[in-house]
Amino acid sequence: MAEAAPTGNQPQFRTIVVATDGSEYSTAAENVALELAGRCGARLRIVRIIPTDTQHDALSPRRSHDASVSAQGDLDALEKRAREAGLEVSAILRHGVDRHQEIVSVAEEHEADLIVIGRRTRGEMARLMVGDATAKVIGLAPCNVMVVPRDTEAPRQGLLVGTDGSELGDKAARAAVELAQHCSLPLTVASVAVPGQSEARRQEGVDAIQRLQGEAREAGVETDALFEEGRPEVTLIEIAERQHRDLIVLGSHGRTGLKRLLMGSVSERVVGQARCPVLVVKKKG
């Protein structure tokens, strides 16, 4: 399919911040960020945070220095790789007590449109599924956040966006359309009804996916629409796997306090359990 130019009323992926800690859990996020920056023609900002422990650093200044030197070497290598790929890139090394807060600060300073960050593990509890720092970045970020599980890639097959017919669902769908345009990939628009939901509420979901499917097709994106019933976080992942969609896009409400970091929400459960990257579209930014 020929790539269509993104429409003017959609969010732009102009500046991407990728957070790395130099571990194997960040490798996939680094690769995805580089590829998306190339596809979208975006500026790339690579950020590495060295955890600060004032007492420990005072006792072991050499260890702190060695950690900084090693981290800078990793950043330089990644920056070189991005430049060789033709990207506009800069690397940022910082020290800080709270890794998530430093990542958010860099995103604010560089007016980022997207933060890309790795996911450490999968598990039963939401906080374990996502990882504490990643959950806090999602909750506090001024922009959209893409969470990338270990050993995954940028989308190759297609995108899935979940919507409930709300304004936030529309925003997530339009971000998905733009990214589908940049990546020249098909898009599935899905709505999931909770068992026992009223007929009027179910009809809102049907109307939403039909409307958004029409908008996506007008933008030149190959699109299908699905309406199913079940637990949204489970059903959306099942749809993605069945339809061979390797990026899931979901909406999430704007910045939250530290005590309300998406715990128990559909978005965080999908982020924690999906086998593919998940783009969380924020209400405010």
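The model shown is predicted, which means the values in this text are computed figures rather than measured ones.
- Scanning both residues, Leu187 and Ala176, for their nearest heavy atoms gives CD1-CB, 3.9 Å.
- Listed by chain and residue number, Glu229 satisfy the salt bridge (charged side-chain N to carboxylate O under 4.0 Å, His left out) test with Arg202 (two or more places apart in sequence, or in another chain).
- Proximity of a side-chain donor or acceptor of Gln181 to a complementary backbone N or O of Ala219 within less than 3.5 Å is detected.
- Here the side chain of Thr152 pairs no donor or acceptor atom with the backbone of Cys276 at under 3.5 angstrom.
- Between the side chain of Arg119 and the main chain of Ala274, a donor-acceptor pair closer than 3.5 Å is present.
- With contacts defined as side-chain heavy-atom distances shorter than 4.5 Å, the pair Lys80/Val89 does not qualify.
- Side-chain atoms of Arg48 do not come within 3.5 Å of backbone N or O of Ala19 as any donor-acceptor pair.
- Counting non-hydrogen atoms of other residues, nucleotides and ligands closer than 6.0 Å to CD of Glu111 gives a total of 12 or fewer.
- Atom CG of Leu160 sits about 11.5 Å away from atom CG of Leu279, to the nearest 0.5 Å.
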Determine, step by step, whether Asn144 and Ile115 satisfy the side chain to side chain contact (heavy atoms under 4.5 Å, CB included) criterion, reporting the C-alpha distance in whole Å, the side-chain angles of both residues, the deciding distance to 0.1 Å, and the verdict. CA-CA 6 Å; Asn144 301 339; Ile115 297 171; over 6 Å; no
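- Inter-residue side-chain proximity for Val147 and Ile138 is flagged as met; some heavy-atom pair is nearer than 4.5 Å.
- When all heavy atoms of Ala190 and Ile239 are compared, the closest pair comes out as CB-CD1, 4.0 Å.
- In this structure, Ser252 and Val145 have side chains that are not in contact, with every pair of non-hydrogen atoms separated by 4.5 Å or more.
- One N or O on the side chain of Ser26 and one on the backbone of Asp21 form a donor-acceptor pair closer than 3.5 Å.
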Could you go step by step and tell me if Thr52 and Arg99 meet the side chain to side chain contact (heavy atoms under 4.5 Å, CB included) rule? CA-CA 9 Å; Thr52 299; Arg99 179 172 179 255; over 6 Å; no
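- Listed here is the closest heavy atom pair of Ile50 and Ala67: CD1-O, 4.0 Å.
- Here the OG atom belonging to Ser166 is positioned 11.5 Å from the NZ atom belonging to Lys171, to the nearest 0.5 angstrom.
- Among all heavy-atom pairs drawn from Ala154 and Asp246, the shortest one is O-OD2, 4.4 Å.
- Rounded to the nearest 0.5 angstrom, Glu30 CD and Ile117 CD1 are separated by 12.0 Å.
- Salt bridge annotation for Glu84-Arg81: absent, with no cationic side-chain nitrogen under 4.0 angstrom from a carboxylate oxygen.
- The main-chain N or O of Arg231 is found under 3.5 Å from a side-chain atom of Thr235 such that the two form a donor-acceptor pair.
- Leu114 places a side-chain heavy atom less than 4.5 Å from the side chain of Met146.
- Here the side chains of Glu238 and Glu241 are not in contact, with every heavy-atom distance at 4.5 Å or above.
- Atom-to-atom distance recorded for Leu34:CG and Ile46:CD1 is 6.0 Å, nearest 0.5 angstrom.
- A salt bridge does not link Arg275 to Glu153: none of the charged side-chain nitrogens sits closer than 4.0 Å to a carboxylate oxygen.
- Expressed to the nearest 0.5 Å, how far NZ of Lys136 lies from NE2 of His100 amounts to 4.5 Å.
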Could you give the side-chain donor-acceptor pairs of residues 205-214 under 3.5 Å, partners two or more places apart or in another chain?
unit_1	atom_1	unit_2	atom_2	d
Asp207	OD1	Gln203	NE2	2.8
Arg211	NH1	Asp170	OD1	3.4
Arg211	NH1	Asp170	OD2	3.0
Arg211	NH2	Asp170	OD1	3.1
Arg211	NH2	Asp170	OD2	3.4
Gln213	NE2	Thr223	O	3.2

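- The two residues Val116 and Ile16 make their nearest non-hydrogen contact at CG2-CG2, 3.8 Å.
- Look at Arg83 and Glu79 and you find a salt bridge, because one of the NZ, NE, NH1 or NH2 atoms lies within 4.0 Å of a carboxylate O, short of that distance.
- Looking at Asp113, its side chain does come within 3.5 Å of a backbone N or O of Arg14 through a donor-acceptor pair.
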Start with the C-alpha gap between Arg245 and Leu159, add the side-chain angles, then the distance that decides, and say whether side chain to side chain contact (heavy atoms under 4.5 Å, CB included) holds. CA-CA 5 Å; Arg245 300 304 188 231; Leu159 285 68; 5.7 Å; no
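- A heavy-atom distance below 4.5 Å is found between the side chains of Asp164 and Arg201.
- Without hydrogens or angle criteria, Ser267 side chain to Gly251 main chain gives a donor-acceptor distance under 3.5 Å.
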Checking Gln243 against Leu226 for the side chain to side chain contact (heavy atoms under 4.5 Å, CB included) test, could you report, in this order, the C-alpha distance in whole Å, the side-chain angles of both residues, the deciding distance, and whether it holds? CA-CA 10 Å; Gln243 298 294 113; Leu226 293 173; 4.0 Å; yes
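- Remark: Glu88 pairs with Arg45 by the salt bridge (charged side-chain N to carboxylate O under 4.0 Å, His left out) rule, at least two apart or across chains.
- The side-chain contact (heavy atoms from CB on, under 4.5 Å) test with Leu250 is passed by exactly one of Val281, Val280, Val270, Leu168: Val270.
- The pair Glu35-Arg39 meets the salt-bridge criterion, with a side-chain N (NZ, NE, NH1 or NH2) lying under 4.0 Å from an Asp/Glu carboxylate O.
- With contacts defined as side-chain heavy-atom distances shorter than 4.5 Å, the pair Val97/Pro51 does not qualify.
- When side chains are defined from C-beta on, Leu179 does not count as touching Val249, because their heavy atoms never get closer than 4.5 Å.
- A donor-acceptor contact closer than 3.5 angstrom links the side chains of Ser68 and His95.
- Of all the heavy atoms in Leu75 and Ile92, the pair that sits closest is CD1-O, 3.7 Å.
- Here the side chain of Ser105 pairs a donor or acceptor atom with the backbone of Gln101 at under 3.5 angstrom.
- Remark: side-chain polar atoms of Asp74 are not paired, donor with acceptor, to backbone N or O of Gly22 under 3.5 angstrom.
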